[in-house]
Amino acid sequence: MSATTDNKRLTIRDIHALRRGGEKIAMLTAYDYVTAGLVDQSGVDIILVGDSLGNVVLGYETTLPVTLDDMIRHASAVYRGTTRAMVVCDLPFGTARDPETALSSAITVLQQSGCQAVKIEGGGAAAPIVARLVEQGIPVMGHIGLTPQAVHQLGGYYKHGRDAPAAQELIAAARDLQKAGAFALVLEFIVPEVAAEITRQLDIPTIGIGSGPDCAGQVLVINDLIGLNTRPVPGFARPRADVAAIIRQAVGEYVSDVKQHATAQTKEAAIG
Ligand code: KIV
């Protein structure tokens, strides 16, 4: 089933219609023109230009060094490569630290990349920031649970909502973000039962990653889905292809062809 009958780009109204109709929402990250085009042609509903860009494309250890300019450059390429999926851009570390900074960052992203919405990491404390952007007509996706921009405060990457107080805090944060006007909520690495309960309590769609099957949709980092990595992938990501092996094989064959050709030329030159 498709969210729209014509070929127009999906909007938050289409995403909400999927949720109301009980159809799961498929979201994937993309960071460049070609990959985004392929993802778009394959029927994904939302493409997230995630600040995971820092890990999987730019080679940083964390997402913290990613800048707004990095996001805009990649989000513009993704937007140019797509026609159907809704495109959402992450606001990277420090660019949504208070409502006015977030508003200025979001305006710059929407004006310069063409993206339709921004994503902001953070629990209940992010609600006033979300509200400020929504008040200005900017759609915002929230993001709770494992929030990689807070890795140093969290002390690592682990599953969230393991005990009752932690679960209650996540549920309260989800409700606050919905009340602030978030149009959807990423639930990253949350105990599946807690993610299911959040999904049950909210009207807006939850998009899970490593949070069990009962969210309104699912998201993955494209590199983890297609096996395009040189570093280990998170345990919850089950790659459906081994693109890294295909690249190594093609490049290996090319290198050996080039070397053989060079050897043949050297021999010819030696014979005269
Ligand atoms: O940056 C990112 O790719 C994300 C997804 C993992 C949700 O935030």
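Keep in mind that what you see is a predicted model, and the values were worked out from it rather than measured. This chain uses plain numbering: 1 for the first residue, then up along the sequence. We count ligands from 1, going down the list as the structure has it; atoms in each ligand are counted the same way. Worth knowing before you read on, the calculation uses all heavy atoms, side chains too, and leaves out hydrogens, waters and symmetry mates.
- With respect to the salt-bridge test (charged N to carboxylate O, under 4.0 angstrom), the residues Arg84 and Asp40 do not qualify.
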Give me the pairs of N or O atoms, one from ligand 1 and one from the protein, that sit under 3.5 Å apart.
unit_1: ligand 1; atom_1: 1 (O); unit_2: Asp51; atom_2: N; d: 3.2
unit_1: ligand 1; atom_1: 1 (O); unit_2: Asp51; atom_2: OD1; d: 3.1
unit_1: ligand 1; atom_1: 1 (O); unit_2: Ser52; atom_2: N; d: 3.0
unit_1: ligand 1; atom_1: 1 (O); unit_2: Ser52; atom_2: OG; d: 3.3
unit_1: ligand 1; atom_1: 1 (O); unit_2: Asp90; atom_2: OD2; d: 3.2
unit_1: ligand 1; atom_1: 3 (O); unit_2: Ser52; atom_2: OG; d: 2.5
unit_1: ligand 1; atom_1: 8 (O); unit_2: Lys119; atom_2: NZ; d: 2.9

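- Residues passing the ring-ring contact (aromatic ring centres under 6.0 Å, His included) test with His16, sequence neighbours excluded: none.
- Val140 is not listed as a side-chain neighbour of Lys119, based on a closest heavy-atom distance of 4.5 Å or more.
- Among residues two or more places apart in sequence or in another chain, the side-chain contact (heavy atoms from CB on, under 4.5 Å) test is passed with Val87 by Arg9, Val49, Val78, Tyr79, Thr82, Cys115, Gln116.
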Pair Thr29-Tyr31, side chain to side chain donor-acceptor pair (under 3.5 Å): steps then yes or no: CA-CA 7 Å; Thr29 69; Tyr31 315 97; 2.9 Å; yes
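- For Phe236, the ring-ring contact (aromatic ring centres under 6.0 Å, His included) partners are Phe189, not counting sequence neighbours.
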